[in-house]
> 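To start, I am sharing the structure in question, which I have written as structure tokens.
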2 protein chains.
Amino acid sequence: MFLDPVARLRRFNRAVTREAGALDLSFLGRGRPLGTVRVLVMVRPEGTDVALIRDRLGLDSGLMSRFLRSLEREGLIETATDPADRRRRIARLTPAGEAELAAYDAIGHARAARLIARAGSRADEMVAAMDLIATLLNRAQLDLRPADPDSPEILACWRGYVAELVARVPGARPELFPVPDPGADSYRPPHGRSFVAWSDDLPVGCVSLRPLASGGAEVKRLWVHDSARGQGLARRLMTQIEEEARTMGHTTLKLDTNSALSEAIALYRATGWTDISPYTGPPADVWMGKTL
Amino acid sequence: MFLDPVARLRRFNRAVTREAGALDLSFLGRGRPLGTVRVLVMVRPEGTDVALIRDRLGLDSGLMSRFLRSLEREGLIETATDPADRRRRIARLTPAGEAELAAYDAIGHARAARLIARAGSRADEMVAAMDLIATLLNRAQLDLRPADPDSPEILACWRGYVAELVARVPGARPELFPVPDPGADSYRPPHGRSFVAWSDDLPVGCVSLRPLASGGAEVKRLWVHDSARGQGLARRLMTQIEEEARTMGHTTLKLDTNSALSEAIALYRATGWTDISPYTGPPADVWMGKTL
DNA sequence: TTTAATATCTGACTAATGTCAGAAAAGTTG
DNA sequence: CAACTTTTCTGACATTAGTCAGATATTAAA
């Protein structure tokens, strides 16, 4: 390549900052200075600590105070002293503030949609590229959180998981993986567990645990979004689910998988899983177990 | 996918703007206000029209004038009236200005390198994703410019072209495509022509024309970078090179290609090229001609 | 040649942002 | 309790960015 990677990143940066007006949250266009709006969008409806906002935005306390007064005068927020520490103040959105925030959100949404439309036939690829970049830039902040097995994020991960199996495992067809029964209890406490890994607000990985009638539990649906691979996330998910299984009192774990999923199998072997005798049918062709 | 494309773009935007300090050209950190630096980086060492800078940055003429005075006071630029139109002024970097610009460049370069390092094993993919996004955002500004056949940009395109052939054409091995002889005249005026398509400063496509001993000319090395496909660039390159051939007085054009390159062949057919009898050997297996 | 348009420059002005010092109130530590 | 720290608030001030109305020199059009 003609340009070295650094030059290419800087070219990317020029392109992105040139679009800054279209890309950003659209602070402008509603007759309010940028600083004020930056504060406004950080105020949660249920109330946010003023010091937290100041810290996040790196503002001087005097300036922050003025922004708050200005938003208060407009009737967009209310402030009250923190009952726990009466030096501190808490800012809360008023209904008018929520409406104003929604208006900013709508502008940002419209601009984003227009930008995607500009990519034309390659919009999907562009968004995938954005996922990758955002995930890599956010890599330090991959959060593992428990999830309800019927939640939209679990369903999204499920679809990614099935797409992966269909693409890589010979003989795996979508019909073999019906959408999981809503309301089923086996992947939900107290019987089982489900976890989702988040990068910002994008779910990028999952893993579940369910009890087995024969005793012990089974690890299911380990999946990592393409944009989040190569960062040890699968290992973190497995560590998490094994830890959960241990605290639930299980001593033996099982899983089934397919030999086409070589990285997953390598991870299992590297973390103490060993081959066991088959306990399910195709498309599984590898069965492993671990004693906790 | 859980998030719709717009939400994913906005997530991308959050990630990128959070890195703004690291991503931008590092205007800050050398004790000079942003506006001044924006002007400074637009001044070319050989001299730039002041009106051009003002237009690109969207500045008021009064403000622009003050920025110029400030940079002049610092000894970073010199201004002179344009001999062609003595109302206009031309700004030129002084040696001190070039040094200062180099310092800004070094800061930006270091920050970009650090950011790429953070992507770890997926740095290559991240940079490719950035290429795609930057090219799509810049899609309106794809410039076709003549190039010297020995220039680094043509060499970069050549490598992309060969990589493409090796990947897609059965039997095409890198040895079949030695690096073109430097100093050869057939792809350079007055005998031939070479064009490069630029997206900002990344070469994203090329095409060449060379004379044939049998009369007429041959179109060679049509290639478009992956990030720039789907935007009609190949068609623009072909239109350009055919136009050049016409003004050079050629009336017949030829080219050889391979049936694996189906989009290219479809383009040729759609623009009036027809099959002709073979005039070269493997890996070519399709030969086409066009009468101007 | 007269008139109009263009490019730059200067001065006056405003808005937005940021900095600093200190006051007031509340909490923490000895 | 006294001494100190932390959080917020206010006033004074500086810097940056941007707008507007001429003034001046030059070029283009009638």
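Here is how names work: the chains are called A, B, and so on, in the same order as the sequence lines, proteins then strands, and each is numbered from 1. Keep in mind it's a predicted model, so treat the numbers as computed, not measured.
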> With a 4.0 Å cut-off, would you call B/Arg89 and B/Asp82 a salt bridge?
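Salt bridge between B/Arg89 and B/Asp82, a charged N being under 4.0 Å from a carboxylate O: no.
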> Quick check on DNA chain C: between A/Gly62 and B/Asp60, whose nearest nucleotide comes earlier from the 5' end?
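By nearest-heavy-atom nucleotide position, the 5'-most residue is B/Asp60.
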> Nearest of C/dT8, D/dT8, D/dA17 to any side-chain atom of B/Pro33?
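For the B/Pro33 side chain, the nearest candidate turns out to be D/dA17.
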> Want to settle it: does B/Leu63 or A/Leu59 sit nearer the 5' end of DNA chain C, counting the closest nucleotide to each?
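On the 5' side of the pair lies B/Leu63.
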> Whole-Å distance between D/dC9 P and A/Ile53 CD1?
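My rounded result for the distance is 12 Å.
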> Can you tell me how far C1' of C/dG18 sits from CG of A/Leu57, to the nearest Å?
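Interatomic distance, CG of A/Leu57 to C1' of C/dG18: 14 Å.
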> In whole Å, I'd like the distance from the CZ atom of A/Arg89 to the P atom of D/dT6.
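Atom-to-atom, A/Arg89 to D/dT6, this comes out as 20 Å.
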> Atom OG of B/Ser65 and atom CZ of B/Arg54: how far apart are they, to the nearest 0.5 Å?
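Going from OG on B/Ser65 over to CZ on B/Arg54, the span is 10.0 Å.
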> Taking the side chain from B/Arg56 and the backbone from B/Met42, do they hold a donor-acceptor pair closer than 3.5 Å?
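Flag not set: sc B/Arg56 to bb B/Met42 has no pair under 3.5 Å.
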> Send over the distance from A/Arg32 CZ to C/dA16 P, rounded to a whole Å.
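Taking atom P of C/dA16 as the reference, CZ of A/Arg32 is at 12 Å.
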> Considering only heavy atoms and no angle criterion, is a donor-acceptor pair shorter than 3.5 Å present between the side chain of A/Arg66 and the base of D/dG11?
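Indeed, a donor on one side and an acceptor on the other fall under 3.5 Å apart.
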> Roughly how far apart are B/Ser61 OG and B/Arg66 CZ, rounded to 0.5 Å?
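Separation between the atoms: 9.0 Å.
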> Got a second to check how far A/Glu46's CD is from A/Leu93's CG, nearest 0.5 Å?
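Atom-to-atom, A/Glu46:CD and A/Leu93:CG are 8.5 Å apart.
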> Starting at CZ of A/Phe67 and ending at P of D/dT10, how long is that distance when rounded to a whole Å?
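Answer to the nearest Å: 15 Å.
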> What is the distance, to the nearest angstrom, from the CG atom on B/Leu52 to the C1' atom on C/dT8?
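One finds 16 Å between C1' of C/dT8 and CG of B/Leu52, rounded.
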> Starting at atom CG of A/Leu68, determine the distance to atom P of D/dT7, rounded to an integer number of angstrom.
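Value for this atom pair: 15 Å.
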> Starting at CZ of A/Arg44, measure out to CG of A/Asp49 and round the result to the nearest 0.5 Å.
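It comes to 14.0 Å.
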> What does the B/S/- profile of nucleotides 25-30 of chain C look like, 5' to 3', with a 4.0 Å heavy-atom cutoff to protein?
-BS---
> Under 4.0 Å between any heavy atoms, over every strand shown, what does A/Arg69 touch: base, sugar-phosphate, or nothing? Just pick one.
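Sugar-phosphate only.
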> For the pair made of CD1 in A/Ile77 and P in D/dT8, what is the distance, rounded to whole Å?
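Rounding to the nearest Å, CD1 of A/Ile77 and P of D/dT8 are 13 Å apart.
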> How long is the gap from SG on A/Cys206 to CG on A/Leu144, to the nearest 0.5 Å?
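Going from the SG atom of A/Cys206 to the CG atom of A/Leu144 covers 10.5 Å.
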